[in-house]
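A quick write-up on the structure given underneath.
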Amino acid sequence: MSTAIVITSGKGGTGKTSLTGGVASCLAALGHRVLCIDMDIGLRNLDLTLGLSDRALMDFTDVLEGRCSLKRAAVPHPVIKNLYLLTAPLTLSPGISEERMKAFLRTAREQYDYILMDSPAGMGEGFRLAVCGADRGIVVSTTDTSALRDAQRVVSLLSRQLPSIHLVVNRVQPKLLRRLHTTIDDAMDTAGLPLLGIVPEDPQVLLCANQGTPLILRASRGAAIAYLNIARRLLGQRVPLMKLH
């Protein structure tokens, strides 16, 4: 059964877009048809993370408003089989309603196994549209207090609409955690969510994004392994948490 997942955060800078691209790439590499939808209206960056900035011509509003089909608008990745991108518009027209979004996602579920929606940080229009038709949610946070506080606010909204919400603690720096005398368990308690995965701080993430190359095509450790572990958990597999030193 196809699953639509909204990936969001309470504030910017948590690495949400990199996580979306990384997990989507891993799901596709594991043999599943995956559609990534950039819901960050006016501030889209998922195309850069996936290395598709020169290929994404149509956006999700072109499909919702009937200007083209999903099959035509979704851009296939040239290297990673089964991976597709539908980018965000620069502005949102008044005719885009939640009902249209839900209908669109029903169609998308017939063509893809997983639909990962990169929702903007905060609670704007892109967030509202992504959440309205999602089956489950992933809240991405770093370990700093402000990010976790903002994550709590997002959780309070998501919990009213989604039956399944999990936390990913991203950009983890073990040395910093020790200096702050805090743990991943503390982050889980603050956010009030079960943990889906932890991702270490990894300079390769930024390097690959700037080069327009999906991380899994360049790296086989660090964040790349963490993304693969999260993808496998989404598939229902039991995978131990990565040990960070």
Side-chain angles (χ1 to χ4, degrees), residues 1-8 16-41 44-53 55-89 96 98-120 126-127 129-138 140 161-166 168 196-197 214-217 227-237:
M1 183 177 177
S2 179
T3 304
I5 305 171
V6 56
I7 301 175
T8 189
K16 169 183 56 60
T17 297
S18 297
L19 180 93
T20 302
V23 172
S25 298
C26 291
L27 285 169
L30 291 169
H32 301 272
R33 283 178 62 83
V34 182
L35 174 65
C36 289
I37 308 177
D38 194 333
M39 301 296 297
D40 201 348
I41 299 155
R44 62 192 187 195
N45 282 310
L46 188 54
D47 57 330
L48 297 176
T49 296
L50 294 175
L52 294 172
S53 58
R55 297 171 181 262
L57 302 178
M58 302 291 186
D59 59 63
F60 71 79
T61 61
D62 290 314
V63 181
L64 266 66
E65 296 187 319
R67 288 186 289 273
C68 68
S69 65
L70 173 58
K71 184 177 181 179
R72 181 183 169 202
V75 180
H77 197 277
V79 179
I80 303 174
K81 185 181 178 182
N82 297 318
L83 181 61
Y84 297 80
L85 169 67
L86 188 57
T87 194
I96 303 300
E98 291 186 9
E99 289 308 312
R100 279 193 177 187
M101 188 68 190
K102 291 177 182 178
F104 159 71
L105 287 174
R106 285 194 291 270
T107 300
R109 285 186 182 92
E110 296 173 358
Q111 302 177 39
Y112 299 93
D113 301 314
Y114 287 90
I115 302 158
L116 270 59
M117 294 177 282
D118 182 21
S119 168
F127 173 85
L129 287 173
V131 172
C132 77
D135 301 306
R136 63 186 299 180
I138 296 174
V140 184
Q161 301 186 56
L162 302 180
S164 175
I165 312 168
H166 285 81
V168 169
L196 182 64
L215 181 67
I216 68 166
L217 297 180
Y227 295 156
L228 179 60
N229 288 345
I230 291 169
R232 286 177 168 161
R233 292 187 194 106
L234 288 174
L235 295 173
Q237 299 176 19

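Please read all numbers here as calculations on a predicted model, not as lab measurements.
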For this session: State which residues pass side chain to side chain contact (heavy atoms under 4.5 Å, CB included) with Leu57; sequence neighbours excluded, sorted by chain then number.
Result: none
For this session: Using side chain to side chain contact (heavy atoms under 4.5 Å, CB included) as the criterion, list what pairs up with Ala73, not counting sequence neighbours.
Result: Met58, Val63, Cys68, Leu86
Problem set entry | Set of residues satisfying side chain to side chain contact (heavy atoms under 4.5 Å, CB included) with respect to Asn229, sequence neighbours excluded | Ile225, Arg233, Val239, Met242
Problem set entry | N/O donor-acceptor pair under 3.5 Å between Asp118 side chain and Leu46 backbone | no
For this session: Could you pull out all residues at least two apart from Tyr227 that satisfy ring-ring contact (aromatic ring centres under 6.0 Å, His included)?
Result: none
Problem set entry | salt bridge (Lys or Arg N to Asp or Glu O under 4.0 Å) contacts in which one or both residues fall within residues 107-116, not counting sequence neighbours | Arg109-Asp135
For this session: Go through the structure and list residues passing salt bridge (charged side-chain N to carboxylate O under 4.0 Å, His left out) with Arg44, not counting sequence neighbours.
Result: none
Exercise. Considering residues at least two apart in sequence or located in another chain, which fulfil the ring-ring contact (aromatic ring centres under 6.0 Å, His included) criterion with Phe104?
Worked result: none
Exercise. Partners of Lys102 by salt bridge (charged side-chain N to carboxylate O under 4.0 Å, His left out), sequence neighbours excluded?
Worked result: Glu99
Problem set entry | Which residues share a side chain to side chain contact (heavy atoms under 4.5 Å, CB included) with Ile5, sequence neighbours left out | Thr3, Ile7, Tyr114, Leu116, Arg136, Ile138, Leu234
Atom pairs and distances, donor-acceptor, side-chain atoms in residues 18-25, under 3.5 Å, two or more places apart:
{"unit_1": "Thr20", "atom_1": "OG1", "unit_2": "Lys16", "atom_2": "O", "d": "2.9"}
{"unit_1": "Ser25", "atom_1": "OG", "unit_2": "Gly21", "atom_2": "O", "d": "2.7"}

Problem set entry | Selection residues 55-72 - residue pairs positive for side-chain hydrogen bond (donor to acceptor under 3.5 Å, both in side chains), sequence neighbours left out | Asp59-Thr61, Asp62-Arg67, Glu65-Arg67, Glu65-Ser93
